[in-house]
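Start at 1 with the first residue, then count along the sequence. Please read all numbers here as calculations on a predicted model, not as lab measurements.
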Amino acid sequence: MRKKRTVGLVLAGLIVLFSIGLAPAQNDTLHQWLPEVQIGGWYSKIEASPAAVQTLTVHQIEQLPTLQLSDALKYMSGVVVKDYGGTGGMKTVSVRGLGSQHTGVAYDGMALTDCQTGQIDLGKLTLDNVATIALTTGMDQNIFKPARLFSYSNLLSINTSNVLPDKPFKLRIALTAGMYGLVSPQLFCENLIMSKKRENRFVLWNFSANFTHSDGRYPYILHYGGITDSVSHERRQNSDINALNMEANLKYSINPDQQFLVKWYYYDSERGLPSATVFYNLNSSQRLWNRNTFAQAQYYHRFHSNWRYQIGGKFNYDYTRYLDPEYLNVEGKLDNHYHQYEGYLTNVISYTLPTKNQKRGFSVALANDLFYNLLNSSSMEYTNPARFTSMTSLSVHGKLNRLTLVGNLLLTTVNNMSQGEQLGKNYVHLSPAISASLHLSRDVSLRAFYKNIFRMPTFNDLYYREVGNLNLEPEKTHQWNLGVVLEQQHLAAGKIHMSASLDGYFNIVKDKIVAFPSHNLFSWTMLNYGTVWIAGAELNANLEYQFVKHYFFRFNGNCTYQKAVDRTDATGKTFNHQIPYTPEWSGSMSAGVETPWFTVTYAVIICDKRYALGENIPANIVPGYVDHSITLGHEFDIKRTKLGLRLELLNLANKNYLIIRNYPMQGFGCRGRISWAF
């Protein structure tokens, strides 16, 4: 086994070494790399992009009750965050009724991956050094990016700060503390070294660390039957977490046309897995350990006024251990260890046709990505399953007066292997996508897009013992969208800024991968069985009003209606029923006032009822909920330092509502944060 693992490491390492001389990544456009650009500002308008793009800036995030990335995503339209409760509970995201595997997560331009389950736990990503969070559905105008980022139905982009600091060295320390044993110290330091010989040459590095501890023992009310039946007051068991995040970034700017970036990331956690609160079975002893580290390097070069090139590489290692000491088998426990390795390289080149007319333009980009995934686990049916994937994308961007067109063809080839031999099916798939926006007037635009995506079965789907099915076909997704955008308006002599958008969409998922129980609850069968139709509409609105100098009122709101129904079998019991954990109505709103002395923000999240299973019957209803929060804070200038204070009052109604059935959320909570920057 050790020899096989070594072979896998060598193969992955060779890919990474090759990628250092051959690969790209970074979804930022050229102007976002330049030091004079400032990313930020509290107010962010809704852009008239061909795709549906939602963005949260660092200043907006600071005004919301957010500790983890998943907290911020709850304030985006069309997003359902599956939260199992508490700081340590797993958190995954579903966008527009599509499963969590259909939403990719890009961290500074490179995708985060989990070849075992296909799901990224958003609870382990902090917001310490985040500048913007953007959720893109469809094809946006940036075609200069790796092919892999075109392969998702929805893309969540997390970008760290790229603004040059105003002084050579910065240090920020902070402490977040709250109820139920929450303690989270943070450290961030940054150093800028400017060249004395070259004006635009510099080295910028930063380091951040974050440790989070919580015992998760929050109280909740357990109902033993209906609402009028008996109840008991309990505390959540086995919901503790200890997690460490560390990250280091290095940027070397040779000149404005050449940039080199390196990132190193490390995450280590141990947490309890609380059980479902089913009658008298409240205790749980399951534990989960996770260790993840990756290193990525990127190089950008604009070697001609019309040509751009990117190259980048990444090596990723992930270790997961799952322990169930009460599992009913011969050993009397279940102790599974998983080791994942990934080597990744990518190249992108683009050409922009010269033009003197700013209302017209044409660009083309060609990208190729190669990545190799290896999973090692004693609990898999097959030894060392591996996957080699190649993605090649051809993208075009055209602008003719008021019309903008963006198109993409993505060719994906997948080879599944085990110990170097073919295992299961290989795939070749061509995915087209096209989007357009039309400016009807200076202020109003229409947008539309179509996108075809297919999702590969995960290693668990294919190979997991007593579950896997080598004959699974990928899920095929078709997305259509039509929307109207009211661009940023300046009213009342510039005191009011507002923007809004309304999008209608229709998705079809074919060959949906589902699990069916067989002879017992521990043996399941994976099959392609299902077609889902998803129709919905999203409304987004932003407003900022400066009613007195240095006094602002700000509002952000969204509302989503979504009908996601099973269309598999017209004679089945679930035909035309809403799919599980997908509300028809959901929305969020935040309203805040900023003054020279303090900033206060009220935020509310509203979610309609959902169904825990496919049949839409009263017994399967998960009730809706409303979550109210208030954030109060301010930053004080003390000589050359800044002292920041923030207080968050969470879930003011003190309701243990359910996002997942039998996993009650935390009731009323209080968090405080103090930071000192100098």
Side-chain angles (χ1 to χ4, degrees), residues 66-73 81-93 100 105 107 112-130 156 158 174-188 207-218 236-248 263-275 284-295 315-325 334-342 375-377 379 460 660 663 665-666 671:
T66 55
L67 178 67
Q68 302 163 316
L69 174 65
S70 55
D71 297 327
L73 295 181
V81 177
K82 292 185 177 180
D83 192 332
Y84 291 79
T87 304
M90 184 176 181
K91 298 164 179 64
T92 60
V93 63
S100 58
V105 181
Y107 196 23
L112 301 178
T113 56
D114 187 322
C115 62
Q116 180 187 336
T117 66
Q119 300 183 90
I120 302 298
D121 182 6
L122 300 176
K124 70 180 185 180
L125 298 175
T126 67
L127 296 167
D128 288 347
N129 194 30
V130 171
L156 177 64
I158 308 163
L175 176 65
T176 300
M179 299 173 63
Y180 317 119
L182 174 63
V183 178
S184 179
Q186 298 109 34
L187 169 70
F188 175 81
F207 173 81
S208 61
N210 179 302
F211 178 77
T212 301
H213 167 80
S214 174
D215 60 36
R217 291 180 54 81
Y218 55 88
R236 206 69 172 109
Q237 304 293 323
N238 199 39
S239 188
D240 61 296
I241 183 173
N242 288 289
L244 173 66
N245 287 77
M246 291 191 295
E247 181 178 324
K263 177 188 290 290
W264 171 76
Y265 174 87
Y266 179 80
Y267 174 81
D268 197 332
S269 72
E270 178 190 355
R271 71 183 73 183
L273 298 178
S275 63
S284 173
S285 55
Q286 299 172 343
R287 307 293 296 179
L288 183 69
W289 291 263
N290 181 237
R291 186 179 304 121
N292 174 240
T293 185
F294 66 79
F315 176 74
N316 180 74
Y317 168 73
D318 189 90
Y319 166 75
T320 302
R321 179 191 177 194
Y322 169 75
L323 173 65
D324 184 354
L334 188 65
D335 192 358
N336 291 341
H337 298 253
Y338 303 91
H339 300 266
Q340 297 183 55
Y341 309 90
E342 179 181 78
L375 177 63
N376 182 293
S377 174
S379 62
N460 276 11
I660 303 297
Y663 286 84
M665 297 293 292
Q666 178 179 300
R671 282 199 303 253

Next on the checklist: Checking Met246 now: which residues fulfil side-chain contact (heavy atoms from CB on, under 4.5 Å) with it, not counting sequence neighbours?
Outcome noted: Phe207, Ala209, Leu244, Trp264, Tyr266
Checklist entry - Listed by chain and number, what are the side-chain contact (heavy atoms from CB on, under 4.5 Å) partners of Asn210, not counting sequence neighbours? => result Thr126, Asp128, Ser184, Gln186, Thr212, Asn245
Could you give the distance from [atom1] ([X]) to [atom2] ([Y]), rounded to the nearest 0.5 Å?
X	Y	atom1	atom2	answer
Arg671	Leu182	CZ	CG	7.0 Å
Ile158	Leu69	CD1	CG	4.5 Å
Asp215	Arg236	CG	CZ	13.0 Å
Glu247	Asn129	CD	CG	6.0 Å
Thr320	Leu288	OG1	CG	6.5 Å
Arg271	Asn238	CZ	CG	11.5 Å

Next on the checklist: Please tell me whether Asp324 and Asn336 have a donor and an acceptor in their side chains that are separated by less than 3.5 angstrom.
Outcome noted: no
Next on the checklist: Regarding Ser269 and Tyr267, do their side chains bring together a donor and an acceptor under 3.5 Å, going by distance alone?
Outcome noted: yes
Report the residues that fulfil salt bridge (Lys or Arg N to Asp or Glu O under 4.0 Å) with [X], sequence neighbours left out, ordered by chain and then residue number.
X	result
Arg287	Asp240, Glu270
Asp71	none
Asp335	Arg321
Arg291	Asp268

Heavy atoms, side chains only, cut-off 4.5 Å: are [X] and [Y] in contact?
X	Y	result
Tyr107	Lys263	yes
Val93	Val105	no
Gln237	Arg217	yes
Asn292	Leu112	no

Item to check | Heavy-atom pair of closest approach, residues His339 and Tyr319 | outcome: CE1-CD1, 3.3 Å
Checklist outcome for this item: In terms of heavy-atom contacts, Ser214 and Tyr180 come closest through OG-O, 3.2 Å
Using side-chain hydrogen bond (donor to acceptor under 3.5 Å, both in side chains) as the criterion, list what pairs up with [X], not counting sequence neighbours.
X	value
Trp289	none
Asn242	His213
Asp114	Gln340
Thr66	none

Next on the checklist: Once ring-ring contact (aromatic ring centres under 6.0 Å, His included) is applied, do any residues pair with Phe294, and if so which ones, sequence neighbours excluded?
Outcome noted: Tyr265
